[in-house]
Amino acid sequence: MYQQPEQSRWTGRVDSVSDERAFRLHQRIRLLDLSQPLAPMERAAALIGFACDEGVRRNQGRQGAKEAPAAVKAALGRLPWHLPQGASIFDAGDVVCVDGQLEQSQAELGKAVARLLRSGAVPVVIGGGHETAYGHYLGVREALGPNARLGIINIDAHFDLRPYDNGPTSGTMFRQILDEDKQVGYCCLGIQKLGNTAALFADAQRYGCEYMLEEQLTAGPMEAAYEQIERFASAYDGVMLTICMDAISAAAAPGVSAPSPFGLAPSLVRALIRRVVSHPNTISVDLCEVNPLVDEGGKTVALAAAFCFEILLHLQCWQGDPSLRCRHHGGS
Ligand SMILES: N=CN[C@@H](CCC(=O)O)C(=O)O
Ligand SMILES: [Mn+2]
Ligand SMILES: [Mn+2]
């Protein structure tokens with residue numbers, strides 16, 4: 001079910017009503033109603049919520065991620081506006097999962113993401129459980145067309161390559177995608193032994209998944225991660241970034257379904273995000289697995305909003321020649 005964006009959701013401190021240098025995001029956000037035809041957009045990013053935790057429920061996790069789109073958008077709105085001249089940020093509303101209809105909701109999210117991409121906006125999807133990534137993928141694939149090579153970069157403690165004989169969950173998306181789509185490559189950053197069985201590591205190898213462990217990222221030089229990102233992203237026609245907030249240390253991100261005692265530091269994830277979203281091949285982003293119902297002191301919501309802020313600030317679409325950015329968009 002699609003829920004239109006509401007101006008009343010975008011509130012916060014007002015330092016000035018006239019000096020734009022003092023503005024916050026809630027003062028500059030524009031609404032985009034996806035139930036209406038979309039005009040072509042340039043230098044635009046669109047926030048689209050996926051209010052769903054049916055995948056987490058089916059995966060025996062802690063439910064509550066469906067509350068994240070509203071919570072993360074509200075926290076983001078309070079942050080200062082630092083975007084370049086001419087940049088537009090839209091709230092494109094939310095896709096809501098009703099009556100446990102996960103597959104239908106993922107398909108609906110896919111349609112929304114494809115329309116945004118074709119209109120020229122960069123989608124920033126705010127999940128939802130990590131099942132959000134499958135709907136996000138459907139949209140990116142639709143916009144790219146069937147033959148384009150698509151790279152998926154997943155910042156996550158988990159591979160999410162579980163079998164889906166009993167239906168899709170928040171732990172099966174990348175196995176579904178790799179089974180269905182031979183034009184996809186998969187790269188995980190932040191993987192933990194604590195979060196994956198030996199069988200899942202074997203599956204990752206069998207599916208040709210590239211990955212860097214949390215320990216390699218934490219102890220190694222950032223250059224190694226940057227080289228991995230550059231090499232992987234350059235090998236594809238389009239790249240989508242998906243972020244599972246349980247990749248981050250439970251100290252900074254307690255509000256997730258499966259917290260990580262040895263997760264990544266927020267500043268390290270920020271550096272990874274900046275690198276991936278500023279890559280010329282990156283066309284779409286999602287951020288998942290924030291659960292406001294089990295968050296301590298709003299830490300995870302605040303961190304997710306800060307990551308959204310970084311995503312928006314470092315998008316490649318603010319730089320360079322707009323014609324380069326349109327090569328993935330099918331028109332219409
Ligand atoms: N999206 C999360 N997926 C993880 C959850 C692990 C857990 O609940 O412990 C997974 O299925 O592996
Ligand atoms: Mn995870
Ligand atoms: Mn995940």
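In listed order, ligands and their atoms are each counted from 1. In this text, all values refer to a predicted model and were calculated from it rather than measured experimentally.
With values rounded to the nearest 0.5 angstrom, I273 atom CD1 is found 11.5 Å from I153 atom CD1.
Sorting the N, O or S atoms of H158 by how far they are from the Mn ion (ligand 2) puts ND1 first.
In the model, Q101 has no side-chain atom that pairs as donor or acceptor with a side-chain atom of S105 under 3.5 Å. There is a side-chain donor-acceptor pair under 3.5 Å between D179 and Y164.
Stacking of R28 on the aromatic ring of W81 is recorded, both the 6.0 Å distance cut-off and the 45° axial limit being met.
A distance of 6.0 Å or more separates the ring centres of F232 and H279. The aromatic ring centres of F201 and Y211 sit less than 6.0 Å apart.
For atom 5 (C) of ligand 1, the nearest non-hydrogen atom of the protein is N59 ND2, 3.9 Å. Annotation: atom 3 (N) of ligand 1 to nearest protein heavy atom, D160 OD1, 2.9 Å. From the protein, the heavy atom lying nearest to atom 8 (O) of ligand 1 is A258 CB, 3.8 Å. With respect to atom 1 (N) of ligand 1, the closest heavy atom belonging to the protein is S170 O, 2.9 Å. Nearest non-hydrogen protein atom to atom 6 (C) of ligand 1 is H158 NE2, 3.7 Å.
Not close to ligand 1: E131, with no non-hydrogen atom less than 4.0 angstrom away.
At least one N, O or S atom of D156, from either the backbone or the side chain, sits less than 2.8 Å from the Mn ion (ligand 3).
F159 and V56 are not part of a single hydrophobic cluster, where members link through side-chain heavy atoms under 4.5 Å apart.
Here D160 contributes OD2 and H130 contributes ND1, and at the Mn ion (ligand 3) these two atoms make an angle of 90°, given to 10°. Of the angles at the Mn ion (ligand 2), the one spanning SG of C244 and OD1 of D246 is 80° when given to 10°.
The residue from R58, R162, R175, E54 that alone fulfils the side chain to side chain contact (heavy atoms under 4.5 Å, CB included) condition with P168 is R58.
Atoms of ligand 1 lying under 4.0 Å from at least one heavy atom of E289, given by number and element, are 1 (N). Taking a cut-off of under 4.0 Å to the non-hydrogen atoms of G171, the atoms of ligand 1 that pass are 11 (O).
Contact of the Q192 side chain with the H158 side chain is not registered, since no non-hydrogen atoms from C-beta on lie closer than 4.5 Å.
Of the listed residues (Q60, R162, R62), the one carrying the non-hydrogen atom nearest atom 10 (C) of ligand 1 is R162.
Between H130 and ligand 1, a contact under 3.5 Å exists for no N or O pair.
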